[in-house]
Amino acid sequence: MNQLLSWMIFLPALAALAILSLPQQKSAWARPIGVVVSALVAVFALLLWQSFDPAVQGAQFLIKQPWLPEFGIHFELALDGLNIPLVLFTALLTPLAFLGTWSLQAEGSVQKRMTALILLMETGALGTFLSQDIFLFYVFWEIILIPAYLLIGMYGGADRLKTTLQFFLYTFAGSLLMLVAIGWMIWVQKASTGTASASIADLQNIQLNFDSSAGLWGLMSVQGLVFVGFAAAFFVKSPLVPLHAWLPSTYTQAPTLVTIYLAAVLSKMGTYGILKILLPLFPDAARAFAPTLMWLAAFGIVYGAVLAIVQKNLKTAIAYSSLSHVSYILLGLFSLSPSGMSGALLQMVNHGIAIAGLFLVVGWLEKKSDSLDLSSFGGLAKSTPLLATSLMVMVLSSVALPGTNGFVGEFMVLVASFRVHAGPTILAATGMVLGAVYMLNVYQKTMFGAAGAEGLKVSWSDLGAKEILVMVALSAAVVGIGVAPQSYLELSKKSIEATVKHISPEGPKPEQPVQVSNF
Amino acid sequence: MVNPVIAILSLVIAILSLTMIFVKSPISSAISLVGLMLALGGIYALIGAHFVAALQVIIYAGAVMVLFVFSIMLLNMNEEEAGEIDYHSWKTYAGLGVSLGLTGLFAITFINWAQEKGLPVPDIYTLEKIREIGGNVVAVSGVLFSQSYVQFELISLLLLVAIAGALVLAKRKVD
Amino acid sequence: MSDSVNSNLPLWILLLPLCGFVFNGIVYPCLVRGVSRTKNTVAGFVAVLAMVASFIVACQGFRELASGSAALHAQVYQWVDMSDFSVGLNLHLDRLSAIMALIITGIGSLIHIYSIGYMSHEPAGVRFFAYLNLFCFAMLLLVLSDNLLFTFFGWEAVGLCSYLLISYWYSESANADAARKAFLVNRVGDFGFVLAMCMLYAKFGTLSYAQLLTMISPESAAFLTGVAVLLFFAATGKSAQFPLYVWLPDAMAGPTPVSALIHAATMVTAGVYLFARMHFLFELTPAVMTVVAWTGAITALLGGTIALAQNDIKKVLAYSTVSQLGFMFLATGLGAYQAAVFHLMTHAFFKALLFLGAGSVIHACDGEQDMRNMGGLQKALPITYVTMLLGSAAIMGLPLFSGFFSKDDILFAAEASPRGSMALFAAGLGAAFLTAIYTIRLLKMTFWGKARAGIHGHESPWIMTFPLLVLAVLATLGGFLGVPHEWAHAFGLPGNLLSDWLNPVVPALIVSHSEIALSEIGVSVLAVSLSFIGIFLGYVMFNTNFNLPWKALGRLWEGKYFVDEIYSALFVKPLYWIGDLVARTLEGRLLQNLGTWMGLGSTWSGDRLRALQAGDLQVFALILLAGLSLVVFISLFWTHV
Amino acid sequence: MTFEQLFPIQFISSEQWQALIPLIVMGISSVLALLAAPWHHYGRVASLAALAAGSVIALLSLSFSVSDAPVSILGGVLVIDRLSQVFSAIAILSGLAAGIMSIGFDQREHLHNELYALIAFAVSGMIILVSTRDLVVLFIGLELMSLAVYVMVGMRRQAEGAAEAGLKYFLLGGAASAILLYGVTLLYGSSGSLKFDIIGSSLGRMWHDHTPMLPVLGLVMVGVGFLFKVGAVPFHSWIPDVYSGASTPVTGFMISGVKATAIGALLRFSSEVFALPGLMTSGGGFYWILWAIIAFTLLFGSLVGLRQTSLKRMLAYSTIAHTGYVLLGFMALIIGQKPEASDAIVSYTLFYVVMNLGGFAVLTLISPRDTDEPTLQDLAGLGQRRPYLAFALSLFLLSMAGIPPTAGFFGKYYLFMSALSAGELGLTVLAVVASIISAVFYLRPLVFMYMKSSDAELVNDSRWFGSSAVVGLAAVLTVVMGILPSWFSSLMK
Amino acid sequence: MDTGTLLHILSAWLFCMGLLALVLRRNTLVMLMGIELMLNGVNLSFVTFAHELAQISGQLQVFFIITIAAAESAVGLSILVNVYRNFGSIKTDRTKTLRG
């Protein structure tokens, strides 16, 4: 059972190498191999999910091998409440993404490379989520960068070179700062305890000094500096406004499959890092800066929404909407309260599902029509009812309609953050309205009304079997989580509560007293 | 107290070094360098380093400078002297100033060091001692062949490289 | 919940429409492989079956309540159960929700039946029936839930269904726009709802009505006012009150049965239901209640006036709905929840009737909706004509018709309730007066006189007229559920059944009979006479032409007071303007260029440094010399001291 | 008294001879290669064989003569310990790699057969350089290496660039070694000895009470000499021209072997003299000098590298930046008094050598015939043309940029760790900034290889098996080092 | 000031003048002479120190250094010949092809 974890990580990588070494004339095999392998990984994930015990708080299926003993760095993988939702999601999404984009790339060599690199990215993502060693976390975190860079640069849109460089530099800058912070943490740990250890669990126990009297509201104290180092990486990846500049162009230029992976998985690496590392390792700094960050997140919600409203390009609009929704996750995380964090964790998956569906639809439209200009579409619902329906489900999920998964996370986040800090919450709640504005806008411009230029130009064919399969799966997830989220929240309940207790031992300080009551 | 002969030789050396730099034609620079080395050899001899003095005269003033003059002739450069030193460029004066300043720093350092007598403790080989051993050459060769023969061998390797290098670069035909 | 019985009845009421939706929305199309292959008759039959069954179950529940149990309670499942946030889906059928459930399922079934005829020519009507079932499910969830959160579930789901149904004919952008407008305006209200829930949960840690009832206490008045305002905001959105009523008239773009069910009978009354539910909260915030009352009065007047100037038959009815909803809010604002619910019920009867009648007219005229092209249809459509006549009588409040009793309750409350005032009373009377005028105008333009556009309609099939007849009966006799006590004594009728029924759940209006200016009978006399004057006036005013004699006023009312224009100037345009501004300046100029600028900066400095590498040996030597001297200097004179 | 009594001869014991085997073997092989070179038809093959055989034997004898106790000959004229063994191995390997890389290339570019002999000479010079504790012997080793390399640089006789590079390298290098030598005399004068340990101890004794200027001056000038060899700003000027002028395999040899051994010698000298408590740490001056040098080196290398189109020049600037990283480790070692930083330096050097050798092997394969000057344009479409080569090159570049899981990442990480443990947060962040900037030009080749298509007539890459072998080996090593770095980082233990 | 210090300062002078020759002269041959000058300075200070410290080894090192200098100048001159062949001159203002 234990070895399943390492298999989940290394199987895609091996498959990627195998695919890359396929001879040119055999490159048609690439995609089937990719689908099979990722499906296998998904099966592993489901097996693990079956034997995962939510009642146990802490790591399960632990693998721990020494790697760099002189720094106490181990190859340490485990499932716990915090990462199992994301591991499940990533493992399940990858085959779906392959299937959904099956019809989008024609050329053999393109399929070959894209499949291989995406599998590498899966390795990186799963490794990032699973690793319990901060250094291992960093390694996997960085591994994902190069495939993304190459994919965008090779198969992106017209402006791909500039875009991919910008994407790389933003994320790389963040990660290097994190590397410095990691080094510092490990060194401090060794200095304080004598025995070097890079395990996140151990690092949680060392208390760096934080005094808000130090310069820049305490950023200049030791904990503040290290906090900044990690925050740089996570906030850029998530992203948190105003560190999002790479996002719109990247999501717009990247090929659909990559955009899906970037939006659905990579951004979650950032938010997961905040949940797993940033907040627990630096509780004082977290508590000190949480209100500010909540304001930033709330601002980001509105900011992304307002920008999404005025976009002319379909893909860009959805990119900004993703910015807005990720800010909900951040808002929940910074509320530092159990329901807020579980809401955020759930919202990570929700946003992943919704954004994947949306970008899939965009990809299908992109394939048929040469322009993604919103005004050029219209009236597609008549010719492609299934496409319209699936898009509708995704739209509903991302406007957080009750009964869809989006509502669960968003509402939990709002309730929790309102209890902690009402101001940002009110600002954030306006996102409900604005979100509806741009989402319905997109839906209407594409699906409703009279057939637009693009709509008339090409003869639209409705979804094929593969696409239907993908969309049904995603929609099932949307409704299932929306109606019965508890079974899902149960997985991470214990760990979240432990995390919150670690961050603020005396419990979150709400403005009003709280009496919890089940009925 | 300074030996007057040494003082005079030093003065000559200083002047010759200047002429080596500032005269136009390379041949006269070479000549002044030869003179400088001979004078230096004189100083060596005066402070009792007879062996070194001999080397200085034979190898430097002899072999090396002959090599220089030879290559001057080979590359027949005697007609192109114009524009040797660019007296209009600030770089010239910057270099001049900086190098003089550097000399000053060194001088200060040595004067400062002159106050530091007694460290490190001197060895036994005073002039008298050497004389009773049998002269400077004997002493040097003694040290050379008793403790420093490894360096000696390595030097031979180095000479070999020099030969090979000169050979390679100067070879006309390309195979 | 003194003696609330656990029972599955509420769950069944809820699930049956859902089954209908699942069949029509998913199973049936999959079975026949494609929406285009479905048959409307099958879909309609299943939908009706689901609704009727649900209605029967609802009646069963009603009987059980009548037989003494205070409420039927069904614990379905725990939705979320975290350490500091926990909500479950629990259904609660008490006397109030029973009334609502009966209205929804009953009228719902009738309208489903009607739709079979109405949509018979539509290709792929299965979509329509699926949405309709889904709507009923959502509406039932709204009224049956025992906590605010799941009420909100229904609250938003009905919004979604109305969106889907308004945009049913999405090929016209106009319909799609109307749908989006409806959804967005509702969203604005829901924003308030969510914040209210956040506040309540943050303070009390629960969202269940029962627990809130026990916990809410007068002391934290400011907090409660905040919550009340937010909830009222939500209600204005859903129930199309001033200033958020703009979406309702556009919503008429949907098929007429939809207008009848959603935008007249049920959904728009959700706000009133919410008030009745949360009365214990609103009772503690008199200021808010006064605002509510005035909002209702204003809305009633606005709706009435605008209705005077409309020519689209459905638009007229829509604005009359707005004005009637204003009545209900007036009542709730005055604390006369029972009167509000009563009017809600009667309004559901007669407004559904009027809409279905209008639908039948439109159906007969092949989709023509402009009344200026109608006229003289009474011979062509006898049944429709008669039923609509009864409906009009009811809405005008002619004696003994249902509207008469309910409206008089409200008017009486307006002057008798402690929060009431003569001004409110006058406003109510004015609204009633206007109602009479525009109803007459509608009748005249549609049925009476001679055919103008030469449309020779034909009577609708029985399947459409049958519901009309049923509703006509209800609209005529429904009022006897709420006969005021004085009349009851006078005529020996059963007095005010409805309020007796509601008393345990919703408090009755307290009237101290000492200082009321006008007795209940007086009020009705005044109102009736006003309606007759209105009828007469309308009859003469619109004898020759159907435009108002006062041009300016007519344009103002025809333009709906230009509220849409004002909104787009106040909110929509600024929003887009700000968005463009941000996109151009902060995002476009600054953030998107940061990377570029840094790149330029580094390449620039790189070029400057490159100048050193010009390949001149002397420069290299100079650099070497200078570096050496610098290092020597610093080390000597910094280390030494 | 007799001569023998006056000057007793110090003999070399048998195990000392054993420890000397590598050096002797390299010397002999270089002589053999030199003698074989003029051989009419087989000269090239024979001298290459001599070089290869010598290198292999020397490597083997190195691994045989591993003795934990350091062997010191004639009081430190030659010292064989872990440090010297590791760096001798690096030197021999890079020499061997350079020799193999120039198979085929030398014929195309008409390089003389003596190239291999010179490589062998240079390697033996490097071995001396890293395994001595005597300043003048160190100078001898330095000169032995440098003279050979001067000639190798200027060897391509048709090319103006090569001649110019040779000239610049020779003149500046000569000046630098003179500077170093002057420092040597000053240290000799102020301590009465040329042996590191004695200098260190006596200076340390001297430093207790006060700080005379002379030894400071001596240390500074020796340091400057070393900094010139490792190419730190402002003693870097020669690097770009020389590296781009020399023929590609030779540049590979310089960038790996020459630089690595210079680092090794500096490491020995630092840990035995500079790092003594009270020397460099005595005043603020040294700290800030070193700080500024590191800062400028990092930024200069990365900023100027941004604008290069010639790959050799680009890597030349990148190596300047890499010098900055290494100096971070020296900062920790000297100022921060952290002996463990030497491990970081050694492993970084090892990783650096491997990736640079690989990179230059690739450049050898793609260098155009007329001008031995591969540019970015020559890389266009390499990803389609020769996927494996392109993959290898991108691997090396990413390793230089420090992206896991490659060797370069761990090298960088170790150095950051040591700098942080010395409390050098500012410099570390500066290094981060530098690596972000340099990432731009490390990625540019990837853009050309994978994201641009090649125009056919520009394609002029060769398929020599020697260079290909080096590429493959280096690629494998880069990955292995990236996955199991602790194997290599524990070499010094 | 005693002899030793004088000679030391002289050696420093020679050394710096050698550097100066490198900086000023464009004739590479003279630059080569400058290097020789620097080495002479080194030798002088070695000898002087040996004299002051009453040691032999100092003079011994001078012996090595002179040999090395000779070898170096031999290589250097051949490099000059090489440059002359390629550029037709040995002035540094011609040898500026490598730049940037």
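In what follows, chains carry the letters A, B, and so on, assigned in the order in which the sequence lines appear, proteins first and then strands, with residues in each chain numbered from 1. Computed from a predicted model, the values in this text were never measured in an experiment. For the numbers below, each heavy atom of this structure counts, side chains included, while hydrogens, waters and symmetry mates do not.
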>> Could you tell me if the side chain of B/Gln151 sits less than 4.5 Å from the side chain of D/Asp134, heavy atoms only?
In response: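 Side-chain contact under 4.5 Å: yes.
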
Residue pair [X] / [Y]: nearest heavy atoms and the distance that separates them:
{"X": "B/Leu158", "Y": "D/Ile140", "value": "CD1-O, 3.7 Å"}
{"X": "D/Ala148", "Y": "B/Val161", "value": "N-CG1, 3.8 Å"}
{"X": "D/Leu74", "Y": "B/Gln147", "value": "CD1-O, 3.1 Å"}
{"X": "B/Leu169", "Y": "D/Gly154", "value": "CD2-O, 3.5 Å"}
{"X": "D/Pro8", "Y": "B/Ser146", "value": "O-CB, 3.7 Å"}
{"X": "D/Leu34", "Y": "B/Ala164", "value": "CD1-CB, 3.6 Å"}

Nearest 0.5 angstrom please: [X] [atom1] to [Y] [atom2], how far?
{"X": "D/Ser30", "Y": "B/Leu157", "atom1": "OG", "atom2": "CG", "answer": "5.5 Å"}
{"X": "D/Leu186", "Y": "B/Phe106", "atom1": "CG", "atom2": "CZ", "answer": "7.0 Å"}
{"X": "D/Leu23", "Y": "B/Leu154", "atom1": "CG", "atom2": "CG", "answer": "6.5 Å"}
{"X": "B/Ile155", "Y": "D/Glu143", "atom1": "CD1", "atom2": "CD", "answer": "9.5 Å"}

> Based on non-hydrogen pairs under 4.5 Å, which of B/Ile108, B/Leu105, B/Val143, B/Asp123 is most in contact with chain D?
Replying inline: B/Val143

> With respect to chain B, which residue among D/Ile128, D/Leu115, D/Val31, D/Leu78 yields the maximal number of heavy-atom pairs within a distance under 4.5 Å?
Replying inline: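 Among the listed options, the one with the most contacts to chain B is D/Ile128.
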
> Can you tell me if CZ on B/Phe70 sees more than 12 non-hydrogen neighbours from other groups inside 6.0 Å?
Replying inline: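 12 or below, so no.
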
> Heavy-atom count around B/Tyr93 OH within 6.0 Å, excluding the residue itself: above 12?
Replying inline: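 Result for OH/B/Tyr93: enclosed.
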
>> Angle between ring planes, B/Tyr125 versus D/Phe7, binned at 30° and 60°: parallel, tilted or perpendicular?
In response: parallel

> For D/Ser191, is it the side chain, the backbone, both or neither that has a heavy atom under 4.5 Å from a heavy atom of chain B?
Replying inline: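 Contact with chain B is through the backbone of D/Ser191 alone.
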
>> If I measure from the heavy atoms of chain B, does D/Tyr182 come under 4.5 Å with its side chain, its backbone, both, or neither?
In response: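 For D/Tyr182, the side chain is the part near chain B, not the backbone.
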
>> Check for me whether the distance between the ring centres of B/Tyr149 and D/Phe11 falls short of 6.0 Å.
In response: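 No, the ring of B/Tyr149 stays outside the 6.0 Å limit from the ring of D/Phe11, centre to centre.
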
